[in-house]
Amino acid sequence: MAKQFDVVVIGAGPGGYIAAIRAAQLGLSVACVDASSNEKGAPAPGGTCTNVGCIPSKALLQSSEYYEHAGHHFADHGIKVGSLGLDLAKLIARKDTVVKQNNDGILYLFKKNKVTFFHGTAAFTGQVEGGWAVKVSGKAEEELVAKHVIVATGSAPRALPNLPFDEKTVLSNDGALSIPSVPKRLGVIGAGVIGLELGSVWRRLGSEVTVLEGMPTFLPAADEQIAKEAHKALTKQGLKIELGVKVGDVKATTKTVTLKYADASGAEQSLVVDKLIVSIGRVPHTAGLNAEAVGLKLDERGFVEVDADCKTNLPNVWAVGDVVRGPMLAHKAEEEGVAVAERIVGQHGHVNFDTIPSVIYTSPEISWVGKNEQTLKAEGRAYKVGTFPFLANGRARALGDTTGMVKFLADAATDEILGVHIVGPQASELISECVVAMEFRAASEDIARICHAHPSLSEAVKEAALAVDKRALNF
Ligand SMILES: Cc1cc2nc3c(=O)[nH]c(=O)nc-3n(C[C@H](O)[C@H](O)[C@H](O)COP(=O)(O)OP(=O)(O)OC[C@H]3O[C@@H](n4cnc5c(N)ncnc54)[C@H](O)[C@@H]3O)c2cc1C
């Protein structure tokens, strides 16, 4: 006998589990099905983000940063460290514990909100009386019927043609988060968020890291001035970044990977590394859903096709997160999950794509919201710029972390904030104030007139806002 629900959510990543909780809060009966398991075969809800993405990468970034500080920066504070050692197995085990805490937290939240969880793979079997029939295959076979289905099946790493991931020498994000010993030479293909973050982790732990990027510019989505500053800082730390390369033949053995590539000038180069991380983007994951059989429409790149409200071509079937268009970010997936749950009950859930922040958790961190200077120029929009360097911020000096700046872009006539771009300490946290300001369509003067605690890094945000009107006080 099929189990009936108002909503069945397929996938318990940030898009799916948040949609399930919000739908349950709104009084709907909700099931969430997720296929991910941990190494013991137990459920591991949380998706890419929790298991092999945001959370484990940030755990490793934190540990590796402490290691780098102990080795290179504590002495500046007058702290003497005896002989510094690395227990990589413990560092990785700690990361796994953090992941498990998050998996367990989601299972707890499901219980608290009365979301029924099924561990297995969900597939559409067809339209029946009462909604959509969904079959769960896993430890327990289940037949579910739902009035509404939310597809939140996420994404998977893209491999290079003819170079499948073996997760031993050729690594996706999955293997790159659990390398058992620090590789002497590490290659990274792709200088995007994942490549830079994971490249930074292993460089800090002792690898010689070479990042090969096909695009001729560094971080083309970021503001050019900010990207330049970040490139300078990361290169100074020892990350070797080659732009404008064309990767050719790649040969992997069980011990090394040999890459042939043309550099930016067209000269043939060869690189031998002990491990290679391939971080060239991610592809939507729809395998196993039985999408074709029920006529769920995918676009030419394999994303589930949705309208602005996340509605698919099928009645009462919705899709959110990495499996649909838009930035592949956990917080974007979450916002879509909340909005869909609210739309199901007739509310007006809304996601503002213009104020979704982007963050890269390197050191210095890089973050931004809104438009960058090159876009405003291309649009022919009149704008004002205000910048403030962390070098002139008292808290940054006290921290010993003065790299980078805050940059405001505001409309020349109305002063409305059009974009904020940060490279520097805690940029991931500082950007939130700017997102709030943009959501409220604030002017740069609004931020400039607000009292910010002293001494704090957030004063650099206020000072950059003051600088828009050429009245920064501390620079
Ligand atoms: C290394 C790395 C670092 C990242 N860091 C960040 C970051 O710092 N900040 C950020 O915002 N984003 C980050 N991301 C991106 C972020 O992880 C994704 O945008 C986010 O996880 C997408 O959420 P989702 O719910 O759409 O899908 P996912 O998190 O991919 O979850 C999908 C879930 O659906 C399950 N599933 C798939 N098919 C089925 C099926 N048929 N039946 C049942 N279950 C199924 C999967 O097992 C999975 O658990 C990072 C990604 C990577 C790889």
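On a predicted model such as this, the values are computed, not experimentally measured, just so you know.
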Item to check | Test ring-ring contact (aromatic ring centres under 6.0 Å, His included) applied to His231 - qualifying residues, sequence neighbours left out | outcome: Phe218
Checklist entry - Below 4.0 angstrom, N of the basic side chain to O of the carboxylate: do Glu416 and Arg441 qualify? => result yes
Item to check | Partners meeting salt bridge (Lys or Arg N to Asp or Glu O under 4.0 Å) with Glu342 (sequence neighbours left out) | outcome: Arg22
Checklist entry - Does the pair Lys407 and Val385 meet the rule for a side chain to side chain contact (heavy atoms under 4.5 Å, CB included), with working shown? => result CA-CA 7 Å; Lys407 174 173 180 176; Val385 185; 3.9 Å; yes
Checklist entry - Heavy-atom distance under 4.5 Å between the side chains of Ser367 and Ser428, does that happen here? => result no
Exercise answer: donor-acceptor pairs, residues 239-252 side-chain atoms, under 3.5 Å, sequence neighbours excluded:
unit_1, atom_1, unit_2, atom_2, d
Glu242, OE2, Tyr261, OH, 2.7
Asp249, OD2, Lys251, NZ, 2.9

Next on the checklist: Less than 4.5 Å apart, side chain to side chain, heavy atoms only: is that true for Val151 and Trp318?
Outcome noted: no
Next on the checklist: For Lys371, is there an ion pair with Glu379 - N to carboxylate O distance below 4.0 angstrom?
Outcome noted: yes
Next on the checklist: If I take atom CG from residue Leu177 and atom OG from residue Ser172, how far apart are they, to the nearest 0.5 angstrom?
Outcome noted: 8.0 Å
Checklist entry - Salt bridge check: are Glu224 and Lys228 linked by an N-O gap of less than 4.0 Å? => result no
Item to check | Check ion pair Glu445-Lys384 (N to O, under 4.0 angstrom) | outcome: no
Item to check | Which residues share a side chain to side chain donor-acceptor pair (under 3.5 Å) with Asn173, sequence neighbours left out | outcome: Arg282
Next on the checklist: Less than 4.5 Å apart, side chain to side chain, heavy atoms only: is that true for Phe353 and Pro327?
Outcome noted: yes
Item to check | Residues in ring-ring contact (aromatic ring centres under 6.0 Å, His included) contact with Phe165, at least two apart in sequence or another chain | outcome: none
Checklist entry - Below 4.5 Å, heavy atoms only, C-beta onward: do Ser270 and Thr258 meet side chain to side chain? => result yes
Checklist entry - Please walk me through it: do Leu289 and Ile10 pass side chain to side chain contact (heavy atoms under 4.5 Å, CB included)? => result CA-CA 9 Å; Leu289 264 182; Ile10 306 180; 3.8 Å; yes
Checklist entry - Taking the inter-plane angle between the rings of Trp368 and His421 on a 0 to 90° scale, is it parallel (under 30°), tilted (30 to 60°) or perpendicular (over 60°)? => result parallel
Checklist entry - Using a distance-only test with no angle check, is there a side-chain donor-acceptor pair under 3.5 angstrom linking Asn51 and Thr48? => result no
Checklist entry - Checking salt bridge (charged side-chain N to carboxylate O under 4.0 Å, His left out) for the pair Glu336/Lys311: CA distance, chi angles, key distance, verdict? => result CA-CA 11 Å; Glu336 286 182 333; Lys311 278 187 185 141; over 6 Å; no
Next on the checklist: Assess whether a salt bridge exists between Glu197 and Lys58, defined as any Lys/Arg side-chain N lying under 4.0 Å from an Asp/Glu carboxylate O.
Outcome noted: yes
Next on the checklist: Determine whether Val423 and Thr403 satisfy the following criterion, side chain to side chain contact (heavy atoms under 4.5 Å, CB included), listing intermediate values before the conclusion.
Outcome noted: CA-CA 8 Å; Val423 54; Thr403 310; 5.7 Å; no
Next on the checklist: Taking the side chain as everything from C-beta on, heavy atoms only, tell me whether His348 gets closer than 4.5 Å to Arg343.
Outcome noted: no
Item to check | Heavy-atom pair with the smallest gap, counting every atom of Gln374 and Asp223 | outcome: OE1-CA, 3.7 Å
Checklist entry - Tell me, do Val468 and Asp415 make a side-chain contact under 4.5 Å, heavy atoms counted? => result yes
Checklist entry - Looking only at heavy atoms, what is the nearest atom pair of Ala308 and Arg325, with distance? => result O-NH2, 3.8 Å
Next on the checklist: For a 4.5 angstrom cut-off between non-hydrogen side-chain atoms, does Glu459 reach Phe388?
Outcome noted: no
Checklist entry - ring pair (Phe, Tyr, Trp, His ring centres under 6.0 Å): which pairs involve residues 192-212, sequence neighbours left out? => result none
Next on the checklist: Quick check: do Leu430 and Cys434 have side-chain heavy atoms less than 4.5 Å from each other?
Outcome noted: no
